[in-house]
Amino acid sequence: QVQLVESGGGLVLPGGSLRLSCAASRITFTLYDMGWYRQTPGKQRELVATITSGGATDYAASVKDRFTISRDNAKNTVYLQMNSLKPEDTAVYYCNAVRYKVNYWGQGIQVTVSS
């Protein structure tokens, strides 16, 4: 059974930083494009950042220049470094792995930005 396990969330002050990690198991990690999404109550899940199997990255306009996605293929792990956090970044963050039409999701992790 494929598992994507997120960690690193929590409560942070505005302007602070967090790094999310997503450890993947039971997939050939190097073949998958990976991504981070987020969702707040009553809203649709939205894309935050993606990184392809080849390392190309893309970001939502709202997080560009503040967030950085990266992957460590040796550790089967994808990261999201989040800097200059704002209250509007508060959400449940989900890790995603996709290859062709096969999609896997993590269970989600809460990030709260508040003073």
Side-chain angles (χ1 to χ4, degrees):
Q1 184 177 354
V2 173
Q3 282 191 316
L4 300 176
V5 180
E6 299 103 337
S7 61
L11 174 64
V12 63
L13 293 171
S17 299
L18 280 176
R19 188 176 81 154
L20 302 183
S21 300
C22 171
S25 59
R26 300 184 181 90
I27 60 171
T28 305
F29 184 76
T30 53
L31 297 180
Y32 281 75
D33 297 338
M34 303 297 296
W36 289 96
Y37 291 71
R38 66 188 182 188
Q39 189 169 23
T40 53
K43 292 189 177 181
Q44 284 192 326
R45 193 171 296 186
E46 63 174 5
L47 183 147
V48 176
T50 60
I51 184 166
T52 69
S53 57
T57 59
D58 194 20
Y59 298 91
S62 60
V63 307
K64 203 168 185 179
D65 299 327
R66 298 189 298 123
F67 291 10
T68 302
I69 189 171
S70 61
R71 64 191 296 160
D72 185 336
N73 289 336
K75 294 183 179 180
N76 286 4
T77 299
V78 62
Y79 302 98
L80 185 68
Q81 177 67 43
M82 305 185 292
N83 298 329
S84 302
L85 282 160
K86 305 174 181 180
E88 51 263 43
D89 294 317
T90 296
V92 177
Y93 284 71
Y94 295 89
C95 178
N96 172 258
V98 60
R99 182 171 185 247
Y100 302 124
K101 295 186 179 180
V102 177
N103 253 294
Y104 298 108
W105 293 94
Q107 80 285 357
I109 191 163
Q110 179 70 44
V111 171
T112 302
V113 185
S114 175
S115 55

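We use all heavy atoms of the structure for the numbers below, so side chains are in, but hydrogens, waters and symmetry mates are not.
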Show your working on side-chain contact (heavy atoms from CB on, under 4.5 Å) between L20 and I109 and close with a plain yes or no.
CA-CA 9 Å; L20 302 183; I109 191 163; 4.3 Å; yes
Determine, stepwise, if the pair T77 / D72 fulfils side chain to side chain donor-acceptor pair (under 3.5 Å).
CA-CA 5 Å; T77 299; D72 185 336; over 6 Å; no
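In this structure, T90 and V113 approach most closely via the heavy-atom pair OG1-N, 2.9 Å. Contact detail for A97 and M34: the closest heavy-atom pair is CB-SD, 3.5 Å. Scanning all heavy atoms of the two residues, the minimum distance from P14 to S115 falls at CD-N, 3.7 Å. A pairwise comparison of heavy atoms in T68 and Y59 identifies CA-OH, 3.4 Å as the closest pair. Listed here is the closest heavy atom pair of C22 and L4: SG-CB, 3.9 Å.
Rounding to the nearest 0.5 angstrom, the gap separating the CD atom in Q39 from the OH atom in Y93 is 12.0 Å. Rounding to the nearest 0.5 angstrom, the gap separating the OH atom in Y37 from the CG atom in L80 is 12.5 Å. With rounding to the nearest 0.5 angstrom, the OG1 atom of T112 is 11.0 Å from the CG atom of L85.
Under a cutoff of 6.0 Å and an axis angle of 45°, R38 and Y94 do not form a cation-pi pair. Seen from the ring of Y104, R99 does not count as a face-on cation partner, given the 6.0 Å and 45° thresholds. Judged by the 6.0 Å distance and 45° axis criteria, R71 is not positioned over the aromatic ring of Y79.
Using a 4.5 Å heavy-atom cutoff, the side chains of C95 and V78 are in contact. Side-chain atoms of T50 and T57, non-hydrogen and from C-beta on, never get closer than 4.5 Å to each other. Proximity of E6 to Q107: side-chain heavy atoms (C-beta onward) are separated by under 4.5 Å at one or more points.
In this structure, the side-chain contact (heavy atoms from CB on, under 4.5 Å) partners of K86, at least two apart in sequence or on a different chain, are R66, E88, D89.
There is no path of hydrophobic side-chain contacts, each under 4.5 Å, that joins V98 to I69.
Within the 3.5 Å criterion, the main-chain N or O of Q81 finds no donor-acceptor partner in the side chain of R19.
Residues F67 and W36 place their aromatic rings such that the two centres sit no closer than 6.0 Å.
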